[in-house]
Structures are given as structure tokens and as C-alpha cells.
K.L.:
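Got a structure for you, written out below as C-alpha cells; questions coming shortly.
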Amino acid sequence: MKILIPTKLDKSAAAALTAAGYEVVQDDTTPLEELVAAHADAAGLIVRSEKVPAAIIDRMPALKCVIRAGAGYDNIDYVYARTKGIDVMNTPGANANAVAEEVVAMVLAAYRYVIPADVTTRAGEWNKKQYMGRELTRKTVGILGLGNIGRMLVKRLQGFECTVLGYDHFLSKQRALNIGATPAELEEIFSTADIISIHVPGGPATKNMVDARLIGMMKDGAMLVNCARYGVVDEEALRAAKAAGKHIIYCTDVHPKDAAAQQPSADVAEVMLPHLGANTKEANKMAAVRAASQMAAYFAEGDTSCVVNAETPGDLNPAHLRMAALLGKLCYHAGGCKPIRKIECTFYNNLRSFRKWFTPWILQGAVPGAEQGLMPAAAEASLREHGIVFKAREPMDDKLYDDSLTLDLFMEEDGEQIKTSVRGMVVDGEPVVSRIDDFNHLYASLTGNTLVLRYADRPGVIATIGQILSQSGINIDNIVAPLDAKSGDSLAVVKTNKPVDDELVELIARAIGAKRAFALSL
Ligand code: 3PG
């Protein structure tokens, strides 16, 4: 079996795979297009930042597995790879220390003017007064993204006695605290931190994440470090802020292309490096060793534990994903189908560890016309494009719920954001809604024809509903109508054997004086 390594990766990967009986071709000088043409029979491909678009994948019909020897895999068209049954992996954590150390190096270099001081001293100048520096020790550092790199940076900063604030969409508050970072929202980080370092993945979900608004909140003299991906910082906004007199120190090692060119950040960056984050002998070796062992375990044992483009994790019950989409649709209708401005979710119990996989399903359920079947990052990006803020809340410790999801939609009505909230779970393999707003203990099926009516609780209402439906030849399969003692209202969720059309909904709503009425087929 042939493995192609078209990159400057430590030779230990090729050595290990050759010893395991694979035919390995490593060549970091020939262009990738030429290499794949010559080795179209390769079943495995190991790359660093080299681009692997659909066109390359198409030229490798025998390809089964692509390994990104590194962290970010946005250089590989992993979604297209999935459609061809190709597994894509990264080597998580292999270069985390190298990147964390690079951040510390850049911060210290910028604080102490290491680069200009070296240049000018060599040139015979003596600029001691001009280069009055600052110290990293005991500074407040904000870290965006507490993955392997962010966490390693927390560790390294502990040696400098820094106060570390962490922002991470997917990490629980407790987990962040355990790592040593105080969880904080972006606004708090940008308005209080002396140094902000970015460690989120690139791509549409994080494009211009650091925008004019956040840049505007930064303290005068604060530092922004981007060793993650080009595009996460809106450099146009940074340029404008600096031109307007805001003093921000910007360190970057990311560029539109990893290639020689006049880099667009040159005029706004105090320190800029050619994507050197992972470029240490140690990290290169570690990534090579990991890539080789992952590739061998993949082909020999079918080990897919590091696959990043799996459809969904095998141990996630598909009924929970369906539930998320159905809850989204129900919530959208319950709130009156108004423009959605914000979605907040709480994932309970085992669902917490799978929360990113729910984003595409929530998107396709709640947002009419949204794309279906997106990968989690693309779904997040799509929500942003729809102008919807998406937030996964931390479950409250005192709520010992089973596997379940609370979904709140904030829809705009007359310039105000009105919240509609639903909760769901899976019972006997079927998704059910257990709460709509303040109406608890519904446990109504999330499939089939559903009529929902809110009314002032009094005797005889259910009978009226049943009577009008029966006059139209519609049978009630199931009905629940819990009371909300606070408002004195009941909410009837009626499952019917046939769809209830708008005219009939209107008729029933008038007959019972409904405060809210809608029907939908889930
Ligand atoms: C990564 O995502 O691992 C880093 O960006 C390193 O990229 P490199 O392997 O091209 O140095």
C-alpha cells in the first residue's frame, strides 16, 4: 500500500511506515499536482499546510485517508473528502507546545523591542531610552479558544503568574477553570486584557471574529496575537483603528498563503513571522510520529479515533439529532415564525460532549430555508450569515436532567426580541417535547400532525376542540393540556390523524378564545 508525503515532515514518519511494510514516497520539492499524477495509486496522504482541494482528491482514486500532520485541517477539503468516503485526520496536540512557545516568544519580543533593537544596535545606534519595555509577568491574558494550543498556553503563562481569561464556545465553565482559565465573554476579554491570543480554527465560522467592535474595546497599548489563521482578525478594522490613533500591538504569523509575497499585514503588525508556530524540530518530529502511527492504526486496525470529518460520532443517538431539528421547527412556530436573532441551547447530561454535532440540526430545523447536512463548523458559519447569534449555555449544576436539550429562540417582534423556549428528550427511541415555555410535563411526540392551542383554563375547552375536529373528520390520536398555574392558562398539544389546515385552526381558536394557535406537521 502506497503512502504519499508531499511535505517537509520529519523523516521518522516515512521510516516508521516503511518499517511497517508500506511503500512511502516523500518529496517536498515536486509540486503536489505532479506528485499525485505520478502516484495516483496512493491510499494514504500526509500533509502539513499544503492545500488538498477537491481537484487533488479527484486525481487520487485509491485514496482512503488524509492526515494533516498538525492541528488545523482547513487546507483540506474534508467535506468533499467525506463524499468520496475518505477519512481526514489531524494530529491533535502534536504541535501545541511549539505554538504556545511561539506566542510567548512574540509577546516578549514585542514587549522588549527585540527585533528593532537588534537591527538598530547592529547599525551602530544606542536606543536604550526609546526601547523602554514592558513585562509579561502578572499581566491579564485573554485566550480565544481553549483547545490543545490554548490550554498549553495557559500552562506556560502560569509560570509568568498571569491572570488568564478564556473564551471557548464548546468548553464548560468548570472545565475552563480546571485548565486554569477564568471563563469570560469576548467583550470582557477585549476590554480588560493586556494581551489577547487567538487559538480558534480558521474558516467561515471564525472569519473576522475579531472585528471593529472588539478591536474598539481594547485597552490602549494592549496586544493582539494571531498565530491561528489568517482572516480571524479583521485587519482592515485593525488598520482603521490604528490609523485613528489607537495604540495596539499586533503580532501575527498567519498570512493568506504560506508563500513568499508582500504580506498584507505588514503595515499593521509590529511582529510578523512566516507561520513558524509549529516549526520546531520537536513539533515536526512529534507530528510525524503521530501521523505515522495514526496512519498505520487506521489501515491495520480501522482506528478512526482522530477522524475529523466523520458524519457524526458513532455513539451519538441519531434520534437526539432528529429531536434537535424538530424542537427547532416547533419552537420557531410556537414563537410566531418571526426573524430569529439569537439561539441559545443547553445540552444536558451525555449530550454535552456532543453539542457541536447538534448545530447543523438546530439550523435546519429552526431556520427556514437553511442548508441541510452541513458539517458543524459550516452550520455555525451559516447561522452567522443569517445574522443569528448562537450560544451553547452551561447547564445549571442543580438541574440533574437526563440526556435532553433546551432550545430558546429569540425572535424579533416590533423591534423587541421575544424568547420562546422548548425542551425535548428521547423516550422509547422517539423524540418528544417535554416543555413549551412555562407548560411542563408535555411529553408529546415530536412527529406527526400537531395542533397547539393556548387558552384560559376552564372546563369544556377540550370537548369543544374535539367536537370541531370531529366535524371535519379528524380524529385525535393523543392530547395533553397542562396548566401553568402562574398565568392560569393551559396549553393543549393535540396530535391528529390528519393535518389541520389554517382555516380550521382559526375556527377552533375563535371558538375557545385561544391566545395562541398553530398547527404543523412535524
Ligand atoms: C497547524 O495547524 O498545525 C499549524 O498551522 C502548523 O502548520 P504547518 O504544519 O504548516 O507548520
Side-chain angles (χ1 to χ4, degrees), residues 4-14 26-29 31-32 35 44-53 56 66-78 81 88-106 143-153 156 168 197-207 209 225-233 251-261 263 265 269 271-295 306-309 377:
L4 185 59
I5 310 181
T7 186
K8 197 165 171 50
L9 187 66
D10 188 273
K11 297 278 180 281
S12 51
Q26 180 162 15
D27 180 344
D28 65 312
T29 50
L32 190 53
L35 269 180
L45 178 67
I46 302 179
V47 293
R48 285 182 60 183
S49 287
E50 294 76 18
K51 295 233 177 311
V52 184
I56 294 283
V66 183
I67 298 192
R68 195 305 187 205
Y73 45 87
D74 48 336
N75 52 320
I76 301 163
D77 192 340
Y78 55 91
V88 177
M89 303 184 205
N90 63 352
T91 58
N95 58 28
N97 186 59
V99 181
E101 285 194 19
E102 186 201 33
V103 172
V104 175
M106 286 174 120
I143 301 182
L144 315 190
L146 293 170
N148 289 306
I149 298 170
R151 288 172 210 194
M152 188 59 83
L153 182 58
R156 298 292 167 258
D168 194 302
S197 193
I198 302 166
H199 300 289
V200 295
T206 52
K207 179 129 185 68
M209 176 181 175
V225 185
N226 185 6
C227 295
R229 281 294 178 268
Y230 186 76
V232 179
V233 174
C251 304
T252 178
D253 94 331
V254 286
H255 312 284
K257 270 189 189 162
D258 279 7
Q263 299 301 343
S265 330
V271 178
M272 72 190 273
L273 304 176
H275 201 45
L276 290 184
N279 233 49
T280 64
K281 287 194 169 140
E282 294 87 341
N284 196 257
K285 174 138 195 201
M286 176 93 89
V289 169
R290 293 264 184 85
S293 74
Q294 285 175 212
M295 186 68 90
C306 288
V307 168
V308 293
N309 68 337

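Start at 1 and go down the list; that is how both ligands and their atoms are numbered. Sequence positions, counted from 1, serve as the residue numbers for this chain.
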K.L.:
Quick one: look at N90 and ligand 1, take heavy-atom pairs under 4.0 Å, and tell me if it's side chain, backbone, both or neither.
P.N.:
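Answer for N90: neither.
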K.L.:
In ligand 1, which numbered atoms sit nearer than 4.0 Å to a non-hydrogen atom of R229?
P.N.:
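Close to R229: 1 (C), 2 (O), 5 (O).
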K.L.:
Quick one: does R68's side chain have a donor or acceptor within less than 3.5 Å of a partner on G72's backbone?
P.N.:
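Yes; at least one donor-acceptor contact below 3.5 Å.
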K.L.:
Under a 4.0 angstrom heavy-atom cut-off, which atoms of ligand 1 come close to N95?
P.N.:
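Matching atoms, with element in brackets: 1 (C), 3 (O).
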K.L.:
Give me the nearest non-hydrogen protein atom to atom 9 (O) of ligand 1 as residue plus atom name, then the distance to 0.1 Å.
P.N.:
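For atom 9 (O) of ligand 1, the nearest protein heavy atom comes out as R48 NE, 2.8 Å.
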K.L.:
Compute whether any side-chain donor of one residue and acceptor of the other, for N75 and R48, lie under 3.5 angstrom apart.
P.N.:
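On atom types as modelled, these side chains do not qualify, holding no pair under 3.5 Å.
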K.L.:
How far is atom 6 (C) of ligand 1 from its nearest protein heavy atom, and which residue and atom is that?
P.N.:
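Of the protein heavy atoms, A278 CB, 3.5 Å lies nearest.
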K.L.:
Between S265 and V254, what is the shortest heavy-atom contact and its length?
P.N.:
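Nearest heavy atoms, S265 then V254: OG-O, 4.4 Å.
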K.L.:
Give me the nearest non-hydrogen protein atom to atom 3 (O) of ligand 1 as residue plus atom name, then the distance to 0.1 Å.
P.N.:
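Answer for atom 3 (O) of ligand 1: A71 N, 2.6 Å.
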K.L.:
Relative to the heavy atoms of G72, which atoms of ligand 1 are at a distance of less than 4.0 Å?
P.N.:
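Counting atoms of ligand 1 from 1, those under 4.0 Å from G72 are 1 (C), 2 (O), 3 (O).
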K.L.:
Between CZ of R229 and CG of D253, what distance do you get to the nearest 0.5 Å?
P.N.:
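Interatomic distance, R229 CZ to D253 CG, rounded to 0.5 Å: 9.0 Å.
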K.L.:
How long is the span from the CE atom in M286 to the OG1 atom in T91, to the nearest 0.5 Å?
P.N.:
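The OG1 atom of T91 is 9.5 Å from CE of M286, to the nearest 0.5 Å.
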K.L.:
What heavy-atom pair brings N284 and D10 nearest, and what distance separates the two atoms?
P.N.:
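Reported closest heavy-atom pair: OD1-N, 2.5 Å.
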K.L.:
What residue and atom, counting heavy atoms only, is the protein's closest point to atom 5 (O) of ligand 1, and at what distance?
P.N.:
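The closest one turns out to be H275 NE2, 2.6 Å.
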K.L.:
Would you mind listing which atoms of ligand 1 come within a distance below 4.0 Å of any non-hydrogen atom of S49?
P.N.:
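That gives atoms 7 (O), 8 (P), 10 (O) of ligand 1.
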K.L.:
When you measure from the side chain of T7 to the backbone N and O of D28, does any donor-acceptor pair fall under 3.5 Å?
P.N.:
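Answer holds: no.
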K.L.:
Could you tell me the residue and atom name of the protein heavy atom closest to atom 1 (C) of ligand 1, and the distance to it rounded to 0.1 Å?
P.N.:
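Of every protein heavy atom, R68 NH2, 3.3 Å lies nearest to atom 1 (C) of ligand 1.
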K.L.:
Rounded to the nearest 0.5 Å, what's the gap from CD1 on I67 to CG on L9? Could you check?
P.N.:
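I67 atom CD1 to L9 atom CG measures 10.0 Å (nearest 0.5 Å).
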K.L.:
So if I count the atoms of ligand 1 from 1 in the order they appear, which ones are less than 4.0 Å from some heavy atom of G70?
P.N.:
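Result: 3 (O).
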